[in-house]
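Have a look at the structure below before the remarks.
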Amino acid sequence: MSSPEIKVQKAAEGNLLQVITAGVNQFLADVPAVQGGDDAGPDPHDLLDAALGACTALTVTMVARRKQIPLDDLKVTIRHVEADGVYRLSRTLEFVGALTDEQKSYLTGIANKCPIHKALNGRFEIETAVVGDPAAPAAA
């Protein structure tokens with residue numbers, strides 16, 4: 001499945017501040033001052049973690065609405081630890097609303113099926129091309 005292009009470029013201001021354009025949306029990424037940035041936006045690890053959190057919340061909320069499960073809110077907390085070449089994510093779900101244990105269990109299963117969860121548990125391949133490089137694959 002193909003997705004819209006994500007474009008990233010240096011912001012006019014800031015040491016390392018980057019402007020990210022995703023379709024009609026724009027947001028910022030940066031690194032903390034101790035790493036030479038201005039801490040003016042989430043760092044790339046935060047963005048990766050946020051993708052899982054947002055996907056989880058959106059997917060579970062959409063399913064709950066479709067199934068008429070009385071979910072008022074879903075609070076998702078993501079933490080990560082990186083050690084020995086393993087990037088380990090920990091996700092905590094807090095269901096808000098008058099849900100039964102069965103409904104919580106069902107929605108937890110849905111959380112484990114959100115597209116970003118599935119992608120992060122799958123295999124990644126990254127192809128890098130350099131603009132103007134004759135060896136680079138031709139743009140479609």
Side-chain angles (χ1 to χ4, degrees):
M1 175 164 117
S2 183
S3 66
E5 283 186 332
I6 304 295
K7 296 190 176 200
V8 182
Q9 68 182 50
K10 173 85 174 66
E13 294 90 32
N15 253 350
L16 296 171
L17 188 63
Q18 301 294 307
V19 176
I20 302 167
T21 303
V24 298
N25 300 296
Q26 282 195 334
F27 51 98
L28 303 172
D30 202 358
V31 294
V34 298
Q35 293 178 332
D38 298 308
D39 209 7
D43 75 18
H45 287 255
D46 294 339
L47 293 172
L48 178 63
D49 299 356
L52 177 61
C55 187
T56 299
L58 290 165
T59 302
V60 169
T61 300
M62 288 188 298
V63 169
R65 286 182 181 171
R66 191 175 75 241
K67 299 280 189 179
Q68 298 181 340
I69 295 173
L71 178 67
D72 296 328
D73 192 12
L74 175 62
K75 297 178 183 180
V76 181
T77 303
I78 305 291
R79 292 183 176 84
H80 79 264
V81 174
E82 194 171 2
D84 300 323
V86 176
Y87 193 94
R88 187 174 314 280
L89 292 165
S90 171
R91 175 176 54 190
T92 303
L93 307 178
E94 181 184 344
F95 296 102
V96 179
L99 282 77
T100 65
D101 288 342
E102 183 179 315
Q103 290 169 325
K104 290 178 185 178
S105 178
Y106 173 75
L107 292 176
T108 299
I110 296 300
N112 291 331
K113 294 177 182 175
C114 85
I116 297 299
H117 181 110
K118 288 165 60 173
L120 290 171
N121 276 308
R123 180 175 164 195
F124 279 79
E125 293 183 8
I126 300 171
E127 180 180 296
T128 302
V130 177
V131 174
D133 183 349

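Note: hydrogens, waters and symmetry copies are ignored here, and every other heavy atom, side chains too, is used. These numbers were taken from a predicted model, which means no experiment stands behind them.
- Distance check, rounded to the nearest 0.5 Å: NZ of K104 to CD of E94 gives 9.5 Å.
- Not counting sequence neighbours, the partners of P115 by the side-chain contact (heavy atoms from CB on, under 4.5 Å) test are C55, T59.
- No more than 12 heavy-atom neighbours from other residues, nucleotides or ligands sit within 6.0 angstrom of CD on Q9.
- Side-chain contact check for L120 versus L48: some heavy-atom pair is nearer than 4.5 Å.
- Taking a 6.0 Å sphere around CG of N121, one finds it holds more than 12 heavy atoms contributed by other residues, nucleotides or ligands.
- The cluster map of Ile, Leu, Val, Met, Phe, Trp and Tyr, joined by side-chain heavy atoms under 4.5 Å apart, puts I69 and L93 in the same cluster.
- When all heavy atoms of N15 and G37 are compared, the closest pair comes out as CB-CA, 4.3 Å.
- A 4.5 Å side-chain heavy-atom check between V76 and T92 finds every atom pair outside the cut-off.
- Residues V19 and A11 come closest through the heavy atom pair CG2-CB, 3.7 Å.
- Judged as a salt bridge (charged side-chain N to carboxylate O under 4.0 Å, His left out), the pairs with a partner in residues 109-125 (not counting sequence neighbours) are, in order, R123-E125.
- Counting heavy-atom neighbours within 6.0 Å of K10 NZ, excluding the residue itself, gives a total above 12.
- Identified under the ring-ring contact (aromatic ring centres under 6.0 Å, His included) test for residues 61-107, with sequence neighbours left out: H45-H80, H45-Y87, H80-Y87.
- Between A51 and I116, the closest heavy-atom pair is O-CG1, 3.8 Å.
- Looking only at side-chain heavy atoms (C-beta outward), I110 and M62 stay at 4.5 Å or farther from each other.
- Here I6 sits in one hydrophobic cluster together with V8, I20, F27, L47; the rule is ILVMFWY side chains under 4.5 Å apart, joined directly or through other members.
- Minimum heavy-atom separation, L71 to L99: CA-CD1, 3.8 Å.
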L28 and D30: CA distance, side-chain angles, deciding distance, side-chain contact (heavy atoms from CB on, under 4.5 Å) verdict: CA-CA 7 Å; L28 303 172; D30 202 358; over 6 Å; no
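- Closest of all the heavy-atom pairs between N112 and R91 is OD1-NH2, 2.6 Å.
- Judged purely by atom type and a 3.5 angstrom limit, S105 has no side-chain atom pairing as donor or acceptor with the backbone of D101.
- Side-chain contact between L16 and D38: absent, with no pair of heavy atoms (C-beta onward) separated by less than 4.5 Å.
- Counting all heavy atoms, side chain and backbone alike, A57 lies closest to L74 at CA-CD2, 3.9 Å.
- Under the rule for a side-chain contact (heavy atoms from CB on, under 4.5 Å), the partners of D72 that lie at least two apart in sequence or sit in another chain are V96.
- Apart from V86 itself, the hydrophobic cluster it occupies contains nothing, where clustering links Ile, Leu, Val, Met, Phe, Trp and Tyr at side-chain heavy-atom distances under 4.5 Å.
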